[in-house]
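The sequence lines fix the lettering, A, B, ..., with proteins before strands; numbering per chain opens at 1.
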Amino acid sequence: MAKAKYTTHLGMVDILPDESPKWRALENIIHEEAANFNFEEIRTPIMEQTELIKRGIGQLTDIVTKEIFAFTKGDSNYVLRPELTAPVVRAYVQHHLDQRGGSQKLYYIGPMFRAERPQKGRQRQFHQFGVEVIGSENPVADVECIAFMMRIYQRIGIKNFNLKLNSVGDPESRENYKSVLKEYLEPHLEKLSELSQKRFDTNPMRILDSKEPEDQEFIQSAPVISDHLNEESKEHFAQVCEMLSSLNIEYTLDPLLVRGMDYYTRTAFELTSPDLGSQDALAGGGRYDLLVEEIGGKPTPAVGFAAGMERLFIACEELGISLADEKKVDVFIVSLGEQARKWALKTLPIFRENGISATMDYLDRSMRAQMKDANRENATYALIVGDNELEEGKFTLRNMKESEESVLDLASIIEKIN
RNA sequence: GAGCUUGUAGCUCAGUUGGUUAGAGCGCUGGUUUGUGGCACCAGAGGCCGUGGGUUCAAUUCCCAUCAGGCUCCCCA
């Protein structure tokens, strides 16, 4: 085979036939559990208006400043979606989903795009599933999101993780806290990392998220937001914690958890796993009570999360969990000679109409080669057809696992397989 | 954007202290069984040793550049 002339772009990967079954298995689990939770699926376009993403996620976030794929065509700006919260909210506002009544419990599965340097657990096109509950500020909504998230990992068998929880407060609490934090940091500003100095003005809370060594001593003794929440936010957070405990969902409070998108308010959470290496976040989310209004809707509280599917698979691999069943086909028709091949082609649909998966050789190969093929395809039965069988109207049905054969007419064969 | 690292068969990798025809395992194709898979045995196909340049009598091996991966920092799923 010649060297490939065309290859995927950096950080974009093909999901090949050997890999696709586990994707389907995961997707099935997500669809099933979503149905159990009464979440409804939403599918939005891969591309959005650039302005939506910038407004939604925040002009100064890393995602917007350096990680989006954007281009202009005619008068329109297009951006490959880097996440789905803003687009889902866009759809909610655009189509007046609030008019469906109640709160909207939505979930999604799909590819996202970020123009970062790829490494383990990070690609430029990657896949997330997630949920968005729009229209409720009840802590039950927060907890149901988290419960759904945890349920997926529980079903798959991933148990080795850490659910980190924090409240980043409502606008009032945040403003209070930001000024307290800035007051605290101000005298040390010179000693902070360059990045943190920049964030001092733009988004001081993200300094808490810094991993720069020179910042650590200041971060450790910094005032924490939980001491500066107003009564309402404090009560909301307390209820989230209490409800999680009532569901036996374990979590650790992490006052330094500040997430990378500007829209988060109050509840913030992140699920990390020691099995992932450097990119250790399996999933993350939180409440975003201001985003709907920011995007042009009525003030509407909302909460959601997103989970990385490739990272989930990495964790599975580390833990030796396999999601996919072996491939198999019920019947492989081994046909010898032209007449037999014609018969095989016409018989395949009869099997399929009876709910029996069936295939045959496309290469006119020897019997031996066809048997090897049947074996490789993990066929339950090989149906052997040659001139003798055609004449008698009875065919040799070989059980591949048992290595037993019987000679039967077609009706009996179908009956036996079913 | 920065650092480190790796490019040899479809895959995983040996190897050459620079020297005729470049190797293994797995996979693939055919055969031993001209109508019977998995096991075994035999045979075969498949490589400009990532690309370009330099040093040398001679480069897949040494040097430089370049391209493409991987890992890490930053950040996130």
Side-chain angles (χ1 to χ4, degrees), chain A residues 1-4 6-13 16 18 57 60-68 81-85 109-130 149 193-196 198-199 206 209-213 215 257-261 270-273 276-285 304-315 332 334-337 340 361 363 365-389 395-405:
Chain A
M1 198 75 82
K3 185 183 283 279
Y6 302 107
T7 58
T8 50
H9 275 118
L10 177 68
M12 304 204 173
V13 304
L16 299 173
D18 287 343
I57 298 173
L60 297 169
T61 57
D62 290 299
I63 291 179
V64 166
T65 54
K66 56 183 193 190
E67 297 171 10
I68 53 176
R81 60 192 196 190
E83 58 105 49
L84 221 43
T85 300
I109 302 175
M112 311 294 158
F113 303 84
R114 293 185 196 172
E116 298 180 276
R117 288 210 57 97
Q119 64 189 68
K120 186 179 183 186
R122 173 194 287 164
Q123 296 166 192
R124 290 186 158 194
Q125 176 174 346
F126 61 104
H127 297 77
Q128 291 184 328
F129 67 92
M149 180 175 92
S193 66
E194 202 181 323
L195 187 62
S196 293
K198 211 174 287 174
R199 284 176 173 159
R206 293 225 58 211
D209 215 20
S210 165
K211 276 132 202 152
E212 304 287 340
D215 294 343
L257 177 64
V258 181
R259 299 189 41 76
M261 277 144 284
E270 198 167 282
L271 191 69
T272 58
S273 162
L276 290 184
S278 155
Q279 306 304 319
D280 69 346
L282 275 171
F305 79 87
M309 295 170 77
E310 283 84 358
R311 290 186 186 178
L312 187 153
F313 289 132
I314 291 173
F332 190 110
V334 173
S335 51
L336 307 165
D361 167 61
L363 298 171
R365 295 210 287 189
S366 69
M367 178 166 190
R368 176 186 154 83
Q370 292 187 51
M371 289 301 290
K372 285 181 81 159
D373 230 13
N375 190 59
R376 181 175 33 228
E377 297 303 322
N378 202 20
T380 309
Y381 294 99
L383 179 59
I384 298 162
V385 187
D387 292 340
N388 302 342
E389 285 83 353
F395 311 91
T396 306
L397 186 68
R398 180 179 180 84
N399 181 319
M400 297 294 281
K401 198 154 269 160
E402 311 297 331
S403 297
E404 282 168 2
E405 291 183 1

For [X], report the nucleic acid contact type (base, sugar-phosphate, nothing); a contact means any heavy atom under 4.0 Å.
| X | value |
| --- | --- |
| A:Ala283 | sugar-phosphate |
| A:Ser403 | base |
| A:Gly121 | base |
| A:Glu83 | nothing |
| A:Leu10 | sugar-phosphate |
| A:Glu310 | nothing |
| A:Asp373 | nothing |
| A:Glu389 | base |
| A:Ala379 | nothing |
| A:Leu312 | nothing |

Think [X] has a side-chain N or O under 4.0 angstrom from the OP1 or OP2 of [N]?
| X | N | value |
| --- | --- | --- |
| A:Arg122 | B:C74 | no |
| A:Arg365 | B:G30 | yes |
| A:Gln119 | B:U72 | yes |

### Task
Report the residue (A:Lys401 or A:Gln128) whose heavy-atom-nearest nucleotide on RNA chain B is the more 5′ of the two.
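The residue closer to the strand's 5' end, by nearest nucleotide, is A:Lys401.
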Next item on the list: Hey, which sits more toward the 5' end of RNA chain B by its nearest nucleotide, A:Asp62 or A:Asp387?
Entry: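 Mapping each residue to its closest nucleotide by heavy atoms, the 5'-most match is A:Asp387.
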Taking atom types as they are modelled, is there a donor-acceptor pair under 3.5 Å from the base of [N] to the side chain of [X]?
| X | N | result |
| --- | --- | --- |
| A:Gln370 | B:U36 | no |
| A:Arg376 | B:G37 | no |
| A:Glu116 | B:G1 | no |
| A:Asn375 | B:G38 | no |

What distance, rounded to whole Å, do you find between the two C1' atoms, one in B:C28 and one in B:C11?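 My reading of the C1' atoms in B:C28 and B:C11 gives 11 Å.
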Give the rounded distance in Å between these two atoms: [atom1] of [X] and [atom2] of [N].
| X | N | atom1 | atom2 | value |
| --- | --- | --- | --- | --- |
| A:Ile57 | B:C75 | CD1 | C1' | 13 Å |
| A:Arg398 | B:G35 | CZ | P | 15 Å |
| A:Gln123 | B:C71 | CD | C1' | 14 Å |

The side chain of A:Pro118 lies closest to which of these nucleotides: B:G70, B:A40, B:C28?
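Among the listed nucleotides, the one closest to the side chain of A:Pro118 is B:G70.
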Exercise. Taking the side chain of A:Ile384 as heavy atoms from C-beta outward, which of B:U36, B:C71, B:A77 is closest to it?
Worked result: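 Output: B:U36.
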ask   = Which stems does RNA chain B form, counting runs of 3 or more consecutive Watson-Crick or G-U wobble pairs with both distances under 3.5 Å?
value =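 So far as stems of 3 or more pairs are concerned, RNA chain B shows B:1-7 with B:67-73, B:10-13 with B:23-26, B:28-32 with B:40-44, B:50-54 with B:62-66.
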Any non-hydrogen side-chain atom of A:Arg122 less than 4.5 Å from a side-chain atom of A:Glu116?
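Result yes, sub-4.5 Å side-chain heavy-atom pair found.
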